[in-house]
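Just below is one structure, and these are the notes that go with it.
Predicted, not measured: the structure shown is a model, and the values here were computed from it.
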Amino acid sequence: MMDNMSYPVILTLMVPKESKSYRHAYFICFLALYVLILSINIRLVMAIITEKSLHEPMYIFLGNLCINGIYGATGFYPKMLSDLILDSYVISFHMCALQIFVIYSSLLCEFTILTVMSYDRYVAICKPLDYHSKLTKNTCVKLILFSWIVPTFSMLTAILLSNLRPFCAYHIDKLYCDNWSVVKLSCASSFVNNVYGYIGAVIFFSFVVIIILSYIKLITACKISLENRRKFWKTCLPHIFSLINLTFAMLFDITYSRYGSNDISESLRNFLALELVIVPPVFNPLIYGLNIKAVRKSIFSLFCIKSKCFTCTK
């Protein structure tokens, strides 16, 4: 068995169902999704940058969430589009590691950004008089750095542990690379990877617990004030939806990668795998942008300015 172990140059990925017949239709759908993700997230980030009234911690954190959505989507869509147009579902070993890093560091980053946003809402609603003293520029910078650095180092360590091993298989049964699928390609013991994976899962799902606890306090605070209730429904409800979606999608991804069987249909597996790279980057800017009045007003004003400029040039 040891003679068959090596360090692969090329890995193969799952071929989408009926790709021969619907390859071009899939290509158009994924291209449209990618363009949509880029346009709505960039639009929201530009609105936050250009509108002075949006230069507040809540909107700055929201801007980071949108940038993270663009970053994560770029880890999946360009590769998927090239596979569909070339009808070649292969990936180099190093590009596979890069794809894992980008997609999963983005997903973990979403947990940390949502945690930071929950802290922001907790202070804004429960301790409004201390808001500006607690969320200073320096504090915001530290919170943003925390939300990016922790996921980055977590994924770097995970990828190093899974890639510095000899392999005896070369096929990943998924539309994109994920870390545990790469671990399973090795004939060597996965004990260290397993322990690290569980530690990472506990840490990041502890962020979910922190968010839930902060929202329990928020709900308690909102009972005694009509204004607080309005703040909660306007700014916190989208946050809760984002958290529920991400948590359940990640739980399925982790559970299926480690313990899944072929009893689950390929269509369902693909749907749940794609949900991670489709729903958050589309859902977050739409629900936040449409729900927050200041953001909505800024975006509509930008559209009006552009339409007036276009009319003048005619």
Task: Results of side-chain hydrogen bond (donor to acceptor under 3.5 Å, both in side chains) for His171 - residues two or more places apart only - done: Thr12
Task: CG-CE distance between Leu276 and Met250, expressed to the nearest 0.5 angstrom - done: 6.5 Å
TODO: Consider only side-chain heavy atoms of I, L, V, M, F, W and Y, link residues closer than 4.5 Å, and tell whether Met95 and Val277 are in one cluster.
DONE: yes
TODO: Indicate yes or no: at least one non-hydrogen side-chain atom of Val102 is less than 4.5 angstrom from one of Thr74.
DONE: no
TODO: Establish, from distance only, whether the side-chain atoms of Asn68 and Trp148 form a donor-acceptor pair under 3.5 Å.
DONE: no
Open item on the list: To the nearest 0.5 Å, what is the distance between OG1 on Thr139 and CG on Leu135?
Closed with: 6.5 Å
TODO: Kindly write out the residues that satisfy side chain to side chain contact (heavy atoms under 4.5 Å, CB included) with Val183, not counting sequence neighbours, or none if the list is empty.
DONE: Ser162, Arg165, Asn179, Trp180, Ser190, Asn193
Scan the side chains in residues 113-120 for donor-acceptor partners under 3.5 Å anywhere in the protein, sequence neighbours excluded, and list what turns up.
from   : atom 1 : to     : atom 2 : distance (Å)
Thr115 : OG1    : Phe111 : O      : 2.7
Ser118 : OG     : Thr115 : O      : 2.6
Asp120 : OD1    : Tyr131 : OH     : 2.5

- [ ] With sequence neighbours excluded, give me every salt bridge (Lys or Arg N to Asp or Glu O under 4.0 Å) pair touching residues 136-155.
- [x] none
Open item on the list: For the CD1 atom of Ile103 and the CG atom of Leu108, what is their distance to the nearest 0.5 Å?
Closed with: 12.0 Å
Open item on the list: Under the rule for side chain to side chain contact (heavy atoms under 4.5 Å, CB included), what residues qualify as partners of Val35, not counting sequence neighbours?
Closed with: Leu31
Open item on the list: Working note: Cys168 + Leu185, criterion side chain to side chain contact (heavy atoms under 4.5 Å, CB included); need CA distance, chi angles, decisive distance, verdict.
Closed with: CA-CA 6 Å; Cys168 56; Leu185 298 179; over 6 Å; no
Task: Distance, nearest 0.5 Å, that separates CG of Leu84 from CG of Leu81 - done: 6.5 Å
Open item on the list: Just to verify, what does Asp83 make a salt bridge (charged side-chain N to carboxylate O under 4.0 Å, His left out) with, not counting sequence neighbours?
Closed with: Lys79
TODO: Would you mind reporting whether Tyr122 and Lys127 have side-chain heavy atoms less than 4.5 Å apart?
DONE: yes
Task: Aromatic ring proximity Tyr34/Phe76, centre distance under 6.0 Å - done: no
- [ ] Kindly state each residue pair satisfying disulfide (SG to SG under 2.5 Å) with at least one member in residues 190-221, sequence neighbours excluded.
- [x] none
Open item on the list: According to a hydrophobic-cluster definition based on side-chain heavy atoms being under 4.5 Å apart (Ile, Leu, Val, Met, Phe, Trp, Tyr only), do Phe248 and Ile240 belong together?
Closed with: yes
TODO: Output yes when a side-chain donor or acceptor of Asn41 lies under 3.5 Å from a complementary backbone atom of Ile37, and no otherwise.
DONE: yes
Task: Minimum heavy-atom distance Tyr71-Ser105, with the two atoms named - done: OH-OG, 2.7 Å
TODO: Give the minimum heavy-atom separation between Tyr176 and Ala273, together with the two atoms involved.
DONE: OH-O, 2.8 Å
Task: Reported CD1-to-CG distance for the pair Ile28 and Leu33, which is rounded to 0.5 angstrom - done: 12.5 Å
Open item on the list: For residues 32-108, which residue pairs pass the disulfide (SG to SG under 2.5 Å) check, not counting sequence neighbours?
Closed with: Cys96-Cys177
- [ ] Please identify each residue that fulfils side-chain hydrogen bond (donor to acceptor under 3.5 Å, both in side chains) with Ser181, with sequence neighbours left out.
- [x] Asp178
TODO: Locate the shortest heavy-atom distance separating Leu175 from Pro16; write the atom from each residue and the value.
DONE: CD2-CG, 3.9 Å
Compile the donor-acceptor pairs under 3.5 Å between side chains in residues 195-206 and protein atoms, sequence neighbours left out, one pair per line.
from   : atom 1 : to     : atom 2 : distance (Å)
Tyr196 : OH     : Ser154 : O      : 2.8
Tyr198 : OH     : Tyr259 : OH     : 2.0
Ser206 : OG     : Ile203 : O      : 2.2

Open item on the list: Pair Tyr59, Ser53 - check side-chain hydrogen bond (donor to acceptor under 3.5 Å, both in side chains), show working.
Closed with: CA-CA 10 Å; Tyr59 302 116; Ser53 64; over 6 Å; no
TODO: Return the minimal non-hydrogen interatomic distance between Gly69 and Pro281, and the atom names on each side.
DONE: O-CB, 3.8 Å
Open item on the list: Is there a path of hydrophobic side-chain contacts, each under 4.5 Å between heavy atoms, that joins Met58 and Ile49?
Closed with: yes
TODO: Find out if a path of hydrophobic residues (ILVMFWY) with successive side-chain heavy-atom gaps under 4.5 Å connects Val209 to Ile216.
DONE: yes
- [ ] Please step through side chain to side chain contact (heavy atoms under 4.5 Å, CB included) for the pair Phe93 and Phe167, ending with a clear verdict.
- [x] CA-CA 11 Å; Phe93 185 63; Phe167 293 83; 3.6 Å; yes
TODO: Taking side-chain hydrogen bond (donor to acceptor under 3.5 Å, both in side chains) as the test, write out the residues that go with Tyr104, two or more places apart.
DONE: Lys174, Asp253
Task: Atom NE2 of His132: over 12 foreign heavy atoms under 6.0 Å - done: no
Task: Ile70 CD1 to Ile42 CD1 distance, which is reported to the nearest 0.5 Å - done: 4.5 Å
Task: CZ (Phe146) with more than 12 external heavy atoms under 6.0 Å - done: yes
Open item on the list: Assigning hydrophobic clusters by single linkage (Ile, Leu, Val, Met, Phe, Trp, Tyr; side-chain heavy-atom cutoff under 4.5 Å), is Phe101 placed with Phe153?
Closed with: no
Task: Exercise: identify the closest heavy-atom pair between Ala97 and Ile159 - done: O-CD1, 3.5 Å
Open item on the list: Within the 4.5 Å heavy-atom criterion, are Ile10 and Tyr170 side-chain neighbours or not?
Closed with: no
Task: Main-chain N/O of Cys109 paired to Thr112 side chain as donor or acceptor, under 3.5 Å - done: yes
TODO: Kindly write out the residues that satisfy side chain to side chain contact (heavy atoms under 4.5 Å, CB included) with Phe283, not counting sequence neighbours, or none if the list is empty.
DONE: Phe241, Ser242, Val279, Ile287
TODO: Determine, step by step, whether Ile172 and Met14 satisfy the side chain to side chain contact (heavy atoms under 4.5 Å, CB included) criterion, reporting the C-alpha distance in whole Å, the side-chain angles of both residues, the deciding distance to 0.1 Å, and the verdict.
DONE: CA-CA 6 Å; Ile172 293 174; Met14 176 193 284; over 6 Å; no
Open item on the list: Can you tell me which residue among Ile144, Leu145, Asn138 is in a side chain to side chain contact (heavy atoms under 4.5 Å, CB included) with Val141?
Closed with: Leu145
Open item on the list: Checking Leu161 against Val192 for the side chain to side chain contact (heavy atoms under 4.5 Å, CB included) test, could you report, in this order, the C-alpha distance in whole Å, the side-chain angles of both residues, the deciding distance, and whether it holds?
Closed with: CA-CA 8 Å; Leu161 287 173; Val192 175; 4.0 Å; yes
Open item on the list: Please give me the minimum heavy-atom distance between Ala249 and Glu275, naming the atom from each residue.
Closed with: CB-OE1, 2.9 Å
